[in-house]
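Here's the structure, in structure tokens; my notes come after.
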Amino acid sequence: MTEFRAPVGTRDVLPPESARWERLVAVFAGTVERAGYGLVLSPMFEDVGVFERVGEGTDVVRKEMYDFEDKGGRRVALRPEGTASVVRAYVQHRPTPPFKAWYVAPNFRYERPQAGRFRQHHQLGVEVLGTDDADLDVEVVALAWSVGAALGLAQVTLLLNSLGDDACRPAYLELLKSFLASAALCDEHAGGYEQNPLRVLDCKRDACRSATETAPRLVDNLCEACAAHFARVRSGLDTLGVPYTLQPRLVRGLDYYTRTTFELAAGALDSAQNAVGGGGRYDKLAEALGGPATPGIGFGMGIERLLLACDAEGVFPGPPSAVDVWVVDTAGGGAALALTHELRAAGISADRSFDGRSMKSQFKSADRSGARVALVVGNDELAAGTMTLRDLRGGDQETVARADVVEHVRKLLS
RNA sequence: GUGGCCGUAGCUCAGCAGGUUAGAGCGCCAGGUUGUGGCCCUGGAGGUCGGGGGUUCAAGUCCCCUCGGUCACCCCA
């Protein structure tokens with residue numbers, strides 16, 4: 001084992017896997033930019049308060065925050081999730097609403113790694129601030145769905161729920177608490193659930209599962225405004241033909257959600273971590289971060305998990321990484337140096353061998369690279385002012401004048 | 001943070017109940033073919049057997065600790 005390794009819970013992504021990442025990001029960017037979303041780049045660490053403010057009770061900030069003190073004595077934390085940073089940037093810069101943003105960024109959580117879970121993982125996501133129009137909820141949910149579809153994922157389920165708002169949630173929580181008071185919960189929740197009784201609904205243990213089967217459902221206790229909003233979201237998704245499953249137990253890990261919440265579950269993943277994406281509305285978040293009351297909604301998708309799901313379904317293969325031309329030079333390397341440069345300048349991808357290897361070795365490299373053509377320059381060609389152009393698929397080759405090489409290569413590649 | 005399983009070449013692994021200089025396949029390099037890749041053949045390079053301590057005449061093999069990987073719980077992307 002080598003002396004230094006990537007830190008616990010982190011991974012190096014090397015070619016050819018990295019090419020797949022690039023393609024995934026491109027698919028995502030294409031999908032959301034067609035919908036008017038612009039890229040936002042924000043720091044990958046923030047004052048720890050940014051995250052604490054939005055998620056006090058949640059595990060994500062209570063026990064998983066990757067925080068430390070910097071040389072200036074500031075308490076900072078590596079970003080555990082994407083929304084808080086974008087909302088903080090919105091509050092700081094006040095762009096004209098509706099502000100539609102997308103991002104691709106690393107997130108950090110200090111937890112033990114396992115299948116589909118890392119200390120550093122990467123999320124693609126969107127956030128929109130400045131409107132609580134239910135049609136926007138539909139747009140955002142549909143975008144998340146579209147990304148899965150664009151990747152070719154077929155076994156993905158869209159889970160949908162509404163968590164209500166200040167007008168209806170408090171009353172519902174009281175209702176739920178009194179129900180839970182006489183329920184036989186799992187060991188952990190039997191101890192207490194005052195902090196966040198909603199979590200009990202999300203508990204996966206059998207005891208809680210069966211005990212809460214008959215629990216009052218939030219969707220049945222929404223206030224008039226929330227009920228109307230949710231109804232519009234659902235009919236909108238129906239209109240767009242986006243299939244969803246109503247999941248009244250869907251709570252999600254961040255406390256800031258209001259009204260619409262959703263999750264994309266990958267059916268092909270049998271690991272415990274099968275959520276490839278999730279999000280929802282957060283109408284109180286901007287205020288919590290010291291800004292004006294501004295409704296917002298967004299979602300995040302995990303790159304590692306999306307790719308895991310793609311593997312499981314056998315879709316979205318990595319692109320074949322191949323250069324078009326391999327220059328084989330047995331006459332000292334000068335021709336390879338000039339020719340690769342010239343080809344690249346002409347927009348043709350080209351590579352070569354180094355270290356003065358044998359012709360056989362250079363051809364092997366050419367073959368492994370997947371190049372379609374090899375351009376050979378030896379002493380004969382050098383003397384004659386020509387090059388040998390070989391089609392590596394078939395094996396035919398011809399001699400062409402040095403000056404016409406780029407043209408001939410173009411013709412062969414087209 | 002808790003628990004199960006696992007750490008032997010770049011990769012996937014073998015290594016019989018502790019016993020000579022630790023092996024294979026793939027990959028890599030070179031040669032067979034002094035101007036030609038894919039197939040084949042031959043050779044070569046590459047290992048403090050994760051690290052430390054212990055038991056023993058002798059440890060890759062047994063014991064302890066530690067680090068790392070992996071899976072699960074919790075929770076999440």
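Order of the sequence lines sets the chain letters (A, B, ...), proteins ahead of strands, with each chain counted from 1.
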Polar atom pairs (N or O), protein with nucleotides 3-9 of chain B, under 3.5 Å:
| residue | atom | partner | partner atom | Å |
| --- | --- | --- | --- | --- |
| B:G3 | O6 | A:Arg112 | NH2 | 2.7 |

Applying side-chain hydrogen bond (donor to acceptor under 3.5 Å, both in side chains), name anything that partners [X], two or more places apart in sequence or on another chain.
| X | answer |
| --- | --- |
| A:Tyr37 | A:Glu139 |
| A:Asn221 | none |
| A:Asp367 | none |

- Under a cut-off of 3.5 Å for both distances of each Watson-Crick or G-U pair, what dot-bracket string does RNA chain B give, using [ ] for crossing pairs and | for inter-strand pairs? (((((((..((((.....[...)))).(((((.......))))).....(((((..]....))))))))))))....
Taking [atom1] from [X] and [atom2] from [N], how many angstroms apart are they, rounded to a whole number?
| X | N | atom1 | atom2 | value |
| --- | --- | --- | --- | --- |
| A:Arg11 | B:A77 | CZ | P | 19 Å |
| A:Phe262 | B:A77 | CZ | C1' | 13 Å |
| A:Phe118 | B:C71 | CZ | C1' | 13 Å |
| A:Glu3 | B:G47 | CD | P | 16 Å |
| A:Leu269 | B:C71 | CG | C1' | 15 Å |
| A:Leu14 | B:G10 | CG | P | 16 Å |
| A:Leu158 | B:A77 | CG | P | 15 Å |
| A:Tyr66 | B:G1 | OH | P | 11 Å |

Gap between atom [atom2] of [Y] and atom [atom1] of [X] - 0.5 Å precision:
| X | Y | atom1 | atom2 | answer |
| --- | --- | --- | --- | --- |
| A:Leu129 | A:Thr294 | CG | OG1 | 6.5 Å |
| A:Thr258 | A:Asp283 | OG1 | CG | 3.5 Å |
| A:Glu64 | A:Arg119 | CD | CZ | 10.5 Å |

Provide the distance between the two [atom1] atoms, one in [N] and one in [M], to the nearest whole Å.
| N | M | atom1 | answer |
| --- | --- | --- | --- |
| B:C16 | B:U8 | P | 15 Å |
| B:G25 | B:U21 | P | 23 Å |
| B:C26 | B:U48 | P | 23 Å |
| B:U42 | B:G52 | C1' | 43 Å |
| B:C6 | B:G10 | P | 23 Å |
| B:G47 | B:G51 | P | 13 Å |
| B:G46 | B:C57 | P | 35 Å |
| B:U61 | B:G15 | C1' | 9 Å |

- Task: Check the pair A:Arg79 / A:Ser42 against side chain to side chain donor-acceptor pair (under 3.5 Å), numbers first and verdict last.
- Result: CA-CA 10 Å; A:Arg79 143 180 75 216; A:Ser42 63; 3.3 Å; yes
- With a 4.0 Å cut-off, would you call A:Asp135 and A:Arg232 a salt bridge?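 Yes.
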- Message: Below the 4.0 Å mark, does B:C75 have OP1 or OP2 next to a side-chain nitrogen or oxygen of A:Gln273?
- Response: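 Indeed not, no polar side-chain atom of A:Gln273 lies that close.
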- N or O in side chain of A:Gln114 less than 4.0 angstrom from B:A72 OP1/OP2: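 So the side-chain polar atoms of A:Gln114 do come within 4.0 Å of the phosphate oxygens OP1 or OP2 of B:A72, strictly under.
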- Item | Earlier contact from the 5' end, RNA chain B, for A:Arg357 and A:Glu64 |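 Nearest-nucleotide comparison on RNA chain B picks A:Arg357.
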- Grab the two heavy atoms, one from A:Val276 and one from A:Ala266, that are nearest each other, plus how far apart they are.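 What the structure gives for the nearest pair is CG1-CB, 3.7 Å.
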- Nearest atoms (heavy-atom pairs only) where A:Gly298 meets A:Tyr282: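 Heavy-atom minimum between the residues: N-CE2, 3.5 Å.
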- Query: How would you list, by chain and number, every residue that makes a ring pair (Phe, Tyr, Trp, His ring centres under 6.0 Å) with A:Tyr257, sequence neighbours excluded?
  - Reply: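 Scan of A:Tyr257 (ring pair (Phe, Tyr, Trp, His ring centres under 6.0 Å), adjacent residues dropped) gives none.
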- For A:Tyr110, ring pair (Phe, Tyr, Trp, His ring centres under 6.0 Å) partners two or more places apart: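 By the ring pair (Phe, Tyr, Trp, His ring centres under 6.0 Å) rule, A:Tyr110 matches A:Tyr66.
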- Choosing from B:C74, B:G69, B:A77, which nucleotide comes nearest the side chain of A:Val8?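 Of the options given, the side chain of A:Val8 lies nearest B:G69.
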- Nucleotide of B:C74, B:G68, B:G31 approaching A:Asp59 most closely (side-chain heavy atoms):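 So the side chain of A:Asp59 is nearest to B:C74.
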- Task: Using the aromatic ring of A:His122 (for Trp, its six-membered ring), decide whether it stacks on the base of B:A77 within the limits of 5.5 Å and 30°.
- Result: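 Given the distance and angle limits, no, they do not stack.
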- Message: At a heavy-atom distance below 4.0 Å, what parts of residues 30-40 of chain A sit against RNA chain B?
- Response: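 Output list: empty, so none.
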- Query: Counting any heavy atom closer than 4.0 Å, what does A:Glu111 reach on the DNA or RNA strands: base, sugar-phosphate only, or nothing?
  - Reply: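 Base: the residue A:Glu111, judged by heavy atoms under 4.0 Å, touches a nucleobase.
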- Message: Heavy atoms only, 4.0 Å cut-off, all strands: where does A:Ala275 land among base, sugar-phosphate and nothing?
- Response: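 Result for A:Ala275 = sugar-phosphate.
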Show me the donor-acceptor pairs within less than 3.5 Å that the side chains of residues 26-36 of chain A make with the rest of the protein, sequence neighbours left out.
| residue | atom | partner | partner atom | Å |
| --- | --- | --- | --- | --- |
| A:Thr31 | OG1 | A:Val27 | O | 2.8 |
| A:Glu33 | OE2 | A:Trp102 | NE1 | 3.1 |
| A:Arg34 | NH1 | A:Gly30 | O | 3.4 |

- Item | Residue pair A:Gln362 / A:Thr330, side-chain donor-acceptor N/O under 3.5 Å |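 Short answer, no.
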- In chain order, what residues pass the side-chain contact (heavy atoms from CB on, under 4.5 Å) check against A:Asp67, with sequence neighbours excluded?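 Partners of A:Asp67 under the side-chain contact (heavy atoms from CB on, under 4.5 Å) test: A:Val48, A:Met65, A:Arg75, A:Ala77.
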- Message: Treating primed atoms plus P, OP1 and OP2 as sugar-phosphate and everything else as base, which nucleotides of nucleotides 32-46 of chain B get B, S or - for protein heavy atoms under 4.0 Å?
- Response: B--BBBB--------
- Item | side-chain hydrogen bond (donor to acceptor under 3.5 Å, both in side chains) contacts touching residues 4-28 of chain A (sequence neighbours left out) |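 Checked against side-chain hydrogen bond (donor to acceptor under 3.5 Å, both in side chains) - neighbours excluded - the pairs reaching residues 4-28 of chain A are A:Arg20-A:Asp311.
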